[in-house]
**Q** 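Below is the structure I would like to discuss, written out as structure tokens.
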Amino acid sequence: LIHNLLNILFHNKRQGDPESAVTAYGKLLDWGMNASIGTVLSGEMASVVNASANDDMFLISASASADECLSASSNAFRICFYDSYQGIAAADYVAEKLPGKKVSVFYQSDLDYSSGLYESFKKECDAKGVQIVTTQSFLSTDTDYTTQINALADSGAEIIFIPIYAAEASTFLT
């Protein structure tokens with residue numbers, strides 16, 4: 001069973017795809033799964049939650065953080081902070097611990113996680129009077145952030161909020 005599960009999860013060429021997650025969920029259900037512990041991405045979790053609606057299946061994820069990804073089931077749970085909470089907490093920290101600082105934002109606009117944090121961060125900054133001097137974004141297909149980095153550097157920002165994954169952050173920081 002473990003070998004089959006690993007093949008589904010790690011050798012699937014479309015890993016991270018919600019449709020593949022539903023396929024894996026269905027196979028595991030056929031094999032007698034009693035609980036689903038772990039989808040990684042919010043889109044995967046949302047699709048599995050929808051697929052499991054009539055199965056009375058317990059679902060839990062350590063990292064599906066999109067605010068609404070669990071809303072279709074009372075049997076679905078997460079053990080991480082949801083996106084809007086993370087964005088609000090970051091903005092509150094800036095407002096309370098770094099008042100008067102100019103902030104810029106660099107985020108991935110085609111990733112729910114990144115854009116969700118950005119949206120809640122921006123809304124909370126507006127409510128707290130935190131000045132965002134520029135917002136720069138990129139797409140998952142981008143490999144060069146030179147234009148955005150120059151805009152951030154020219155903005156006069158003292159803080160840059162970067163709600164992105166490690167691979168993109170390493171490219172940005174390099």
Side-chain angles (χ1 to χ4, degrees), residues 1-96 105-128 130 132 135 137-142 161-170 172:
L1 179 63
I2 297 297
H3 180 264
N4 290 334
L5 174 61
L6 291 174
N7 278 332
I8 290 170
L9 296 178
F10 297 113
H11 298 291
N12 189 319
K13 293 179 182 176
R14 293 172 29 170
Q15 184 177 345
D17 175 57
E19 185 178 313
S20 296
V22 171
T23 299
Y25 169 82
K27 287 181 180 181
L28 292 169
L29 194 61
D30 291 345
W31 294 339
M33 173 176 62
N34 294 314
S36 174
I37 302 173
T39 59
V40 175
L41 304 174
S42 296
E44 293 170 340
M45 184 64 161
S47 63
V48 169
V49 164
N50 289 330
S52 71
N54 295 320
D55 298 330
D56 198 30
M57 181 63 60
F58 175 83
L59 307 170
I60 191 164
S61 174
S63 55
S65 61
D67 289 10
E68 299 300 321
C69 73
L70 308 179
S71 62
S73 174
S74 61
N75 291 338
F77 303 90
R78 74 178 112 225
I79 56 172
C80 62
F81 294 111
Y82 52 94
D83 293 351
S84 63
Y85 178 83
Q86 294 176 60
I88 290 168
D92 287 348
Y93 180 84
V94 171
E96 295 165 15
V105 179
F106 180 67
Y107 77 103
Q108 184 175 338
S109 61
D110 63 348
L111 179 65
D112 290 342
Y113 173 74
S114 187
S115 59
L117 264 69
Y118 162 66
E119 291 297 331
S120 61
F121 179 80
K122 181 184 181 315
K123 184 177 178 182
E124 186 72 1
C125 282
D126 290 346
K128 298 279 182 156
V130 174
I132 296 177
T135 299
S137 64
F138 67 97
L139 300 172
S140 60
T141 55
D142 295 344
F161 178 60
I162 310 173
I164 60 179
Y165 287 144
E168 292 79 10
S170 67
F172 171 81

**Q** I'd like to check the side chain to side chain donor-acceptor pair (under 3.5 Å) partners of Tyr82; sequence neighbours left out, ordered by chain and number.
**A** none
**Q** Can you pull out every salt bridge (charged side-chain N to carboxylate O under 4.0 Å, His left out) where at least one residue sits in residues 49-65? Sequence neighbours excluded, please.
**A** none
**Q** At their closest point, which heavy atom of Ser36 faces which heavy atom of Met57, and how far apart are they?
**A** N-SD, 4.1 Å
**Q** Is it the case that the side chains of Ser42 and Asp112 hold a donor-acceptor pair, with the cut-off being a distance below 3.5 Å and no angle test?
**A** no
**Q** Rounded to the nearest 0.5 Å, what separation is found between the CD1 atom of Ile79 and the CD1 atom of Ile37?
**A** 9.5 Å
**Q** Mind checking what makes side chain to side chain contact (heavy atoms under 4.5 Å, CB included) contact with Phe58, not counting sequence neighbours?
**A** Ala35, Ile60, Phe77
**Q** Who are the side chain to side chain donor-acceptor pair (under 3.5 Å) partners of Ser47, not counting sequence neighbours?
**A** none
**Q** Using the side chain to side chain contact (heavy atoms under 4.5 Å, CB included) criterion, which residues pair with Ile88? Sequence neighbours excluded.
**A** Asp92, Ser120, Glu124
**Q** Can you sort out the partners of Ser65 under side chain to side chain donor-acceptor pair (under 3.5 Å), two or more places apart, ordered by chain and number?
**A** Asp83
**Q** How many angstroms lie between atom NZ of Lys123 and atom OG of Ser84, to the nearest 0.5 angstrom?
**A** 9.0 Å
**Q** How far apart are the closest heavy atoms of Arg78 and Ala66, and which atoms are they?
**A** NH1-O, 2.9 Å
**Q** Report yes if some heavy atom in the side chain of Leu59 is under 4.5 Å from a heavy atom in the side chain of Ser52; otherwise report no.
**A** yes
**Q** Kindly check if the number of other-residue, nucleotide or ligand heavy atoms within 6.0 Å of CG (Asn34) is above 12?
**A** no
**Q** To the nearest 0.5 Å, what is the distance between CG (Asn50) and OG (Ser71)?
**A** 8.0 Å
**Q** Not counting sequence neighbours, which residues clear ring pair (Phe, Tyr, Trp, His ring centres under 6.0 Å) with Tyr107? List them please.
**A** Tyr118
**Q** Do any side-chain atoms of residues 163-170 form donor-acceptor pairs under 3.5 angstrom with protein atoms, and if so which ones, sequence neighbours left out?
**A**
residue: Ser170; atom: OG; partner: Ala167; partner atom: O; Å: 2.7

**Q** Determine the sole option in Ile132, Val94, Val105 for which the side-chain contact (heavy atoms from CB on, under 4.5 Å) test with Cys125 is passed.
**A** Ile132
**Q** With sequence neighbours excluded, tell me which residues meet side chain to side chain donor-acceptor pair (under 3.5 Å) with Ser63.
**A** none
**Q** Going by the rule salt bridge (charged side-chain N to carboxylate O under 4.0 Å, His left out), which residues pair with Asp126 if we only count those two or more places apart in sequence or in a different chain?
**A** Lys122
**Q** Applying ring pair (Phe, Tyr, Trp, His ring centres under 6.0 Å), which residue pairs with at least one partner in residues 32-55 are found, sequence neighbours left out?
**A** none
